[in-house]
Q: 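This is the structure I have questions about; it appears just below.
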Amino acid sequence: MEKFFINGGNKLYGKIKVDGAKNSLLPILAAAIMVDGKVKLKNVPRYSDVLGMCKILSELGAEVSWQDDNLIIDASLIEGHAISTSLAGALRSSIFTLGPLLCRHRIAKVAYPGGCEIGLRPIDIHLSGLRSLGTRIVEKNGYIYANGESMEGSDVTLSFPSVGATENLMMAGACSKGITRIFNPAKEPDIVDLQDFLNACGAKVSGSGGNVIYIEGVERLHGCEFEAIPDRIAAGTYLLMCAMCGGEIEIENFLPYHNQALLSKLLESACKIDVKDDRIFISSKGALQSFGEVETAVYPGLPTDLQPQIMALESVSKGYCLIVENLFESRFKHVPELIKMGADIRFRSNVCVIKGKDKLYGAEVNSPDLRGGAALVMAGMKAEGYTTVSGIELIDRGYYKLEEKLSALGASIKRIEE
Ligand code: EPZ
């Protein structure tokens with residue numbers, strides 16, 4: 001089994017480049033199902049979730065190939081409309097294929113999705129939205145059976161601005177007859193990126209990032225070349241790593257307005273930050289003031305995907321920090337692992353109180369999920385002594401060659417087989 005072996009205490013210096021956004025690439029890969037032609041995605045990191053979506057596309061009959069870091073998908077001859085439990089259950093983004101399959105074949109049979117175990121993660125908003133577009137849906141034997149023969153544009157209001165449901169409905173509306181308007185949509189940058197991708201393929205989508213997404217259905221989508229936005233969660237993770245370990249790093253391929261909420265917190269806690277065009281410089285003495293109070297929220301609030309990493313930083317910051325996790329009901333599985341390393345954390349339901357300690361101590365810890373794993377890597381990089389992080393296949397879902405990137409900044413981390 002692969003693990004990360006980390007010797008803590010090194011400060012970080014040098015340059016790191018942010019890869020393409022996982023949570024933008026995954027819905028875009030699903031959207032490729034609707035495209036009657038070749039899609040070339042440039043500079044695609046081989047996140048294991050990206051590879052998982054490639055498997056799904058291949059199973060449906062699409063041609064998927066790599067040319068260096070470019071990913072080429074040709075779904076012109078795609079015939080399949082069913083996704084098995086083994087493939088769908090491996091990741092959350094398998095559910096994003098519902099809209100595209102309905103547009104392509106007017107029929108879909110998709111097993112329930114998997115993904116990080118951070119809550120129940122229901123799909124009711126996806127399904128009620130698709131029903132609003134005239135899709136007939138039956139859930140049976142662990143599968144979603146969808147029939148889109150009478151699918152057509154309509155007004156859809158989301159009960160919660162779900163990222164995935166917004167993306168599914170954008171794709172379903174893109175090739176449905178008539179006009180679809182999505183009210184109370186998610187506003188994440190990944191939503192805007194999906195709009196840009198769909199429009200590059202000839203769709204007519206507007207309003208993403210705002211309160212209403214407006215879609216004029218078209219007959220078909222043609223191929224295109226596209227590059228996803230930088231991964232704001234990976235970028236935020238690197239910022240927090242430097243804030244925690246100390247040192248001075250330059251992060252390239254960085255869009256500051258995608259991380260405003262985190263930047264304002266870091267500036268309050270005495271990190272030095274300088275933003276220039278598409279890069280950011282951060283320097284830290286590694287002993288910060290606590291953030292005080294942190295509440296995760298939908299974009300542009302503080303992202304839930306940075307909550308575990310912020311908690312790792314707060315476990316060695318001066319003072320007390322209150323963290324409220326508002327998005328997922330079970331996203332504190334990294335807490336017992338951080339406590340093993342000496343962190344002083346108490347939690348009830350979705351609220352945590354962290355009392356900053358002078359230091360953490362190396363230990364054998366296990367990644368509970370993707371971002372919890374990243375938090376444990378951070379803690380290991382700061383802790384005194386050696387830390388072994390297991391379950392790193394979960395970290396590989398959303399960080400590409402993480403140990404190589406961090407070693408290049410001076411961290412003592414390597415991937416071992418045990
Ligand atoms: C996306 O998940 C991301 N994943 C998650 O990133 C991210 O944490 C999340 O959005 C929130 O930003 C991908 O894009 C692949 P949601 P998604 O639907 O779409 C509830 C990571 O670490 N909900 O916005 O599943 C849900 O239970 C991952 O990169 C329903 O109740 O998130 C949650 O409480 C983790 N019914 C809230 O909405 C539904 O039908 C937000 O979920 C859908 C969602």
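We use all heavy atoms of the structure for the numbers below, so side chains are in, but hydrogens, waters and symmetry mates are not. In each ligand, atom 1 is the first atom listed, and ligand 1 is the first ligand listed.
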Q: So which protein heavy atom does atom 40 (O) of ligand 1 come closest to, and at what separation?
A: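 So the nearest neighbour among protein heavy atoms is Ile125 N, 2.8 Å.
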Q: Looking at Arg92, which atoms of ligand 1 are within less than 4.0 Å of one of its heavy atoms?
A: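 Within the 4.0 Å cut-off of Arg92, ligand 1 contributes 25 (O), 43 (C).
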Q: Taking non-hydrogen atoms only, is Tyr299 closer than 4.0 angstrom to ligand 1 via side chain, backbone, both or neither?
A: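 Neither part.
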Q: Under a 4.0 Å heavy-atom limit, does Val163 contact ligand 1 with its side chain, its backbone, both, or neither?
A: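 Both parts.
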Q: Please report the shortest heavy-atom distance between Met381 and Cys245, naming the atom on each side.
A: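 Smallest interatomic distance, heavy atoms only, reads CB-SG, 3.8 Å.
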Q: Once salt bridge (Lys or Arg N to Asp or Glu O under 4.0 Å) is applied, what residue pairs with a partner in residues 188-197 remain, sequence neighbours excluded?
A: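 Counting only pairs at least two positions apart or across chains, the salt bridge (Lys or Arg N to Asp or Glu O under 4.0 Å) contacts touching residues 188-197 are Asp190-Arg232.
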Q: For atom 34 (O) of ligand 1, what's the nearest protein heavy-atom neighbour? Residue, atom name and distance, please.
A: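 For this ligand atom, the closest protein heavy atom is Leu327 O, 2.5 Å.
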Q: Select one of side chain, backbone, both or neither to describe which atoms of Arg331 lie under 4.0 Å from any atom of ligand 1, heavy atoms only.
A: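 Near ligand 1, Arg331 shows its side chain, while the N, CA, C and O stay back.
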Q: Give the C-alpha distance, both sets of side-chain angles, the deciding distance and a yes or no for salt bridge (Lys or Arg N to Asp or Glu O under 4.0 Å) between Arg220 and Asp36.
A: CA-CA 7 Å; Arg220 60 181 290 282; Asp36 188 7; 3.5 Å; yes
Q: Can you say whether the rings of His126 and Phe96 are parallel (under 30°), tilted (30 to 60°) or perpendicular (over 60°)?
A: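 The rings of His126 and Phe96 lie parallel, inter-plane angle below 30°.
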Q: Evaluate Ser93 for polar contact with ligand 1, using N/O atom pairs at a separation under 3.5 Å.
A: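 The answer is no, given that Ser93 and ligand 1 share no N or O pair closer than 3.5 Å.
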Q: Between Asn326, Leu370, Asn23, which one has a non-hydrogen atom sitting closest to atom 15 (C) of ligand 1?
A: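 The option holding the nearest heavy atom is Asn23.
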Q: Under 3.5 Å, is there a donor-acceptor pair linking the side chains of Asn366 and Glu337?
A: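 Their side chains do not contain a donor-acceptor pair, so the 3.5 Å distance test is not met.
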Q: For a salt bridge (charged side-chain N to carboxylate O under 4.0 Å, His left out) with Arg415, tell me which candidate from Glu2, Glu393, Glu404 qualifies.
A: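 Running salt bridge (charged side-chain N to carboxylate O under 4.0 Å, His left out) over Glu2, Glu393, Glu404 with Arg415 returns exactly one hit, Glu2.
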Q: Taking Ser208 as the fixed residue, which of Gln195, Glu167, Lys187 is the one that meets the side chain to side chain donor-acceptor pair (under 3.5 Å) rule?
A: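 The option that passes is Gln195.
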Q: Does ligand 1 have a heavy atom under 4.0 Å from the side chain of Lys22, from its backbone, from both, or from neither?
A: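 Contact part for Lys22 vs ligand 1: side chain (C-beta onward).
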Q: Which of the numbered atoms in ligand 1 are under 4.0 angstrom from any heavy atom belonging to Phe160?
A: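 Those qualifying, in numeric order: 37 (C), 38 (O), 41 (C).
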Q: For ligand 1, is there an N or O atom under 3.5 Å from any N or O atom of Arg121?
A: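 Looking only at distances, the answer is yes, because the N/O contact criterion of under 3.5 Å is met.
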Q: In the protein, which heavy atom is nearest to atom 8 (O) of ligand 1, and how far is it?
A: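 Minimum-distance protein heavy atom for atom 8 (O) of ligand 1 reads Asp305 OD1, 2.6 Å.
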Q: For atom 27 (O) of ligand 1, what is the nearest protein heavy atom, given as residue, atom name and distance?
A: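 The closest one turns out to be Pro122 CD, 3.4 Å.
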Q: Are side-chain N/O atoms of Gln307 and Thr296 paired as donor and acceptor at under 3.5 Å?
A: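 Gln307 vs Thr296: no donor-acceptor pair found between side chains.
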Q: What part of His126, side chain, backbone, both or neither, has a heavy atom within less than 4.0 angstrom of ligand 1?
A: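 It is both parts that get close, each with some atom under 4.0 Å.
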Q: Return a yes/no value for Glu188: is any of its N or O atoms, backbone included, closer than 3.5 angstrom to an N or O of ligand 1?
A: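 Between Glu188 and ligand 1, no N or O pair is found under 3.5 Å apart.
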Q: Give the C-alpha distance, both sets of side-chain angles, the deciding distance and a yes or no for salt bridge (Lys or Arg N to Asp or Glu O under 4.0 Å) between Lys357 and Asp344.
A: CA-CA 7 Å; Lys357 303 287 285 296; Asp344 182 345; 5.6 Å; no
Q: What protein heavy atom lies closest to atom 36 (N) of ligand 1? Include the residue and the distance to one decimal.
A: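 Closest protein heavy atom to atom 36 (N) of ligand 1: Asp124 OD1, 2.7 Å.
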Q: Look only at interatomic distance and state if Ile118 has a nitrogen or oxygen under 3.5 Å from any nitrogen or oxygen of ligand 1.
A: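 No, since none of the N or O atoms of Ile118 sits under 3.5 Å from an N or O of ligand 1.
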Q: Check each atom of ligand 1 against the heavy atoms of Thr304 and keep those under 4.0 Å away; list them by number with element.
A: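 Under 4.0 Å from Thr304, ligand 1 has these atoms: 8 (O).
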Q: Considering non-hydrogen atoms of the protein only, which is the closest contact for atom 19 (O) of ligand 1, and what is the distance?
A: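 Checked against all protein heavy atoms, atom 19 (O) of ligand 1 sits closest to Gly164 N, 2.9 Å.
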Q: Determine, step by step, whether Ser269 and Gln289 satisfy the side chain to side chain donor-acceptor pair (under 3.5 Å) criterion, reporting the C-alpha distance in whole Å, the side-chain angles of both residues, the deciding distance to 0.1 Å, and the verdict.
A: CA-CA 5 Å; Ser269 61; Gln289 286 305 320; over 6 Å; no
Q: Mark up the atoms of ligand 1 that fall under 4.0 Å of a heavy atom belonging to Ile123, in ascending order.
A: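 Within the 4.0 Å cut-off of Ile123, ligand 1 contributes 39 (C), 40 (O).
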Q: Report the nearest protein non-hydrogen atom to atom 18 (O) of ligand 1: residue, atom name, distance rounded to 0.1 Å.
A: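 Closest protein heavy atom to atom 18 (O) of ligand 1: Ser162 OG, 2.7 Å.
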Q: What protein heavy atom sits nearest atom 22 (O) of ligand 1, and how far off is it?
A: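 Sorting protein heavy atoms by distance from atom 22 (O) of ligand 1 puts Arg371 NE, 2.9 Å first.
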Q: Do the side-chain N and O atoms of Glu139 and Tyr112 include a donor-acceptor pair separated by under 3.5 angstrom?
A: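 Per modelled atom types, Glu139 and Tyr112 side chains form a pair under 3.5 Å.
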Q: Check whether any N or O atom of Phe328, backbone or side chain, sits under 3.5 Å from an N or O atom of ligand 1, and answer yes or no.
A: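 It does not: no N or O of Phe328 is found under 3.5 Å from an N or O of ligand 1.
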Q: Validate the cation-pi geometry between Lys109 and Tyr143: distance from NZ or CZ to the six-membered ring centre under 6.0 Å, angle to the ring axis within 45°.
A: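 Yes.
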Q: Please list, chain by chain and in numerical order, all residues satisfying side-chain hydrogen bond (donor to acceptor under 3.5 Å, both in side chains) with Thr304, sequence neighbours excluded.
A: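 side-chain hydrogen bond (donor to acceptor under 3.5 Å, both in side chains) list for Thr304, sorted by chain: Glu325, Arg331.
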Q: Does a side-chain N-to-carboxylate-O contact under 4.0 Å join Lys22 and Asp231?
A: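 Judged by the 4.0 Å cut-off on N to carboxylate O distance, Lys22 and Asp231 do not form a salt bridge.
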